[in-house]
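Let me begin by presenting the structure, written as structure tokens, before commenting on it.
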Amino acid sequence: MRSIDGCSIRRGTLCSDANLYGADLQNANLANSQFTRSVLSGANLTEANLNEANLSGAQLRGAKLNQASLVKTNARGARFNDAQLVGANMRAAILHNADLSGADMTESVLTSADLTNARLSGAKLDSANLMGANMRAANLRGASLVSANLQGVNFTGADLTDADLSEAILDNAIFNLAKTSGCKGCP
């Protein structure tokens with residue numbers, strides 16, 4: 001078992017406040033782990049298992065999480081600015097107040113995820129599955145959701161200014177009080 005900055009890289013590890021900047025954690029099994037307030041910016045977490053991990057308040061700026069599994073992960077207030085989350089499975093993840101500005105989430109799965117008050121300005125969510133996600137008061141200014149599955153998504157109070165929802169599936173999506181100025185494909 002390897003260790004980085006005193007943090008054991010294994011399932012269920014306790015790594016709060018750890019510095020794992022730029023760490024290579026590709027394919028690591030970190031399910032049920034605790035990374036609260038840890039720095040994982042620039043880390044390679046490609047195909048890592050972070051199911052039910054606690055990433056609240058963690059820094060993941062520019063991290064690579066392509067094809068990673070973050071099912072039911074708690075990432076409240078986490079910063080994923082400019083992170084790569086292509087094809088990531090974030091089903092039922094808690095991303096309340098998370099910052100995903102500029103993140104590439106193409107083809108990611110965010111079904112039933114809680115993105116309340118999340119910042120997704122300039123994020124790329126093309127062909128993503130967000131069915132049943134909660135995006136109340138989320139900032140999606142300039143975000144791209146081309147061909148995304150947005151069935152039943154709650155966009156109440158969300159800012160979709162200049163967002164692109166072209167060819168998105170919008171059945172039963174809720175847009176109450178949403179800002180849609182310049183939005184392509186918004187109702």
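Just so you know, these numbers use all the heavy atoms, side chains as well, and skip hydrogens, waters and symmetry mates.
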Test item: [X] and [Y] side chains (from C-beta on) under 4.5 Å apart, heavy atoms:
X	Y	result
T180	T161	no
L25	I9	yes
M90	T73	no
N134	V153	no
M105	L120	yes
P187	L170	yes
N32	N51	no
T111	N149	no

Name all pairs fulfilling the disulfide bond (SG atoms under 2.5 Å apart) condition that reach into residues 109-187, sequence neighbours left out, sorted by first residue then second. C183-C186

Quick note, disulfide bond (SG atoms under 2.5 Å apart) partners involving residues 4-56, not counting sequence neighbours, are C7-C15

What's the shortest heavy-atom distance between S33 and G12, and which atoms?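 Where S33 meets G12 most closely, the heavy atoms are OG-N, 3.2 Å.
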
Which atom pair, heavy atoms only, marks the closest approach of A103 to F80? CB-O, 3.8 Å

Tell me every residue that passes side chain to side chain donor-acceptor pair (under 3.5 Å) with [X], counting only those two or more places apart in sequence or in another chain.
X	result
D82	none
S121	S101
T46	N44

Which pairs count as salt bridge (Lys or Arg N to Asp or Glu O under 4.0 Å) when at least one residue sits in [range], sequence neighbours excluded?
range	value
residues 101-124	D99-R119
residues 172-187	none
residues 130-143	R141-D159
residues 87-96	none

Sequence neighbours excluded and cut-off under 3.5 Å, please list the side-chain donor-acceptor pairs for residues 16-23, or say none.
unit_1	atom_1	unit_2	atom_2	d
S16	OG	T36	OG1	2.7
D17	OD1	R37	NE	2.9
D17	OD2	R37	NH2	2.9
N19	OD1	Y21	N	3.0

Using modelled atom types only, decide if a donor and an acceptor are shared between the side chain of [X] and the backbone of [Y] within a distance under 3.5 Å.
X	Y	value
D24	Q26	yes
T13	S8	yes
S41	R61	yes
N66	V86	yes

Roughly how far apart are [X] [atom1] and [Y] [atom2], rounded to 0.5 Å?
X	Y	atom1	atom2	result
T156	I174	OG1	CD1	5.5 Å
N54	F35	CG	CZ	10.5 Å
N129	L110	CG	CG	8.5 Å
S38	L60	OG	CG	9.0 Å
E52	I94	CD	CD1	10.0 Å
N27	N49	CG	CG	10.5 Å

Sequence neighbours left out, what pairs pass ring-ring contact (aromatic ring centres under 6.0 Å, His included) with at least one residue falling in residues 167-187?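 The answer is F155-F175.
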
Tell me which pairs pass ring-ring contact (aromatic ring centres under 6.0 Å, His included) where either residue lies in residues 90-117, with sequence neighbours left out. none

For L70 and L55, run side-chain contact (heavy atoms from CB on, under 4.5 Å): C-alpha distance rounded to whole Å, both residues' side-chain angles, the deciding distance at 0.1 Å, then the answer. CA-CA 10 Å; L70 295 103; L55 295 168; 3.9 Å; yes

For the hydrophobic clusters of this structure (ILVMFWY residues joined by side-chain heavy atoms under 4.5 Å, transitively), does one cluster hold both V71 and L125?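 As far as the 4.5 Å side-chain criterion goes, L125 and V71 are not connected within one cluster.
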
Examine I4 and L30 and state if one hydrophobic cluster contains both, with Ile, Leu, Val, Met, Phe, Trp and Tyr joined whenever side-chain heavy atoms are less than 4.5 Å apart.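 Yes, because I4 and L30 connect within a single hydrophobic cluster, where side-chain heavy atoms sit under 4.5 Å apart.
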
For D126, run the side-chain hydrogen bond (donor to acceptor under 3.5 Å, both in side chains) check against S147, S166, S144 and tell me which one passes. S144

Please lay out, stage by stage, how L115 and L130 fare under the test side-chain contact (heavy atoms from CB on, under 4.5 Å). CA-CA 10 Å; L115 291 130; L130 289 110; 4.2 Å; yes

side-chain contact (heavy atoms from CB on, under 4.5 Å) between R76 and N97, intermediate numbers included: CA-CA 6 Å; R76 282 180 205 274; N97 291 319; over 6 Å; no

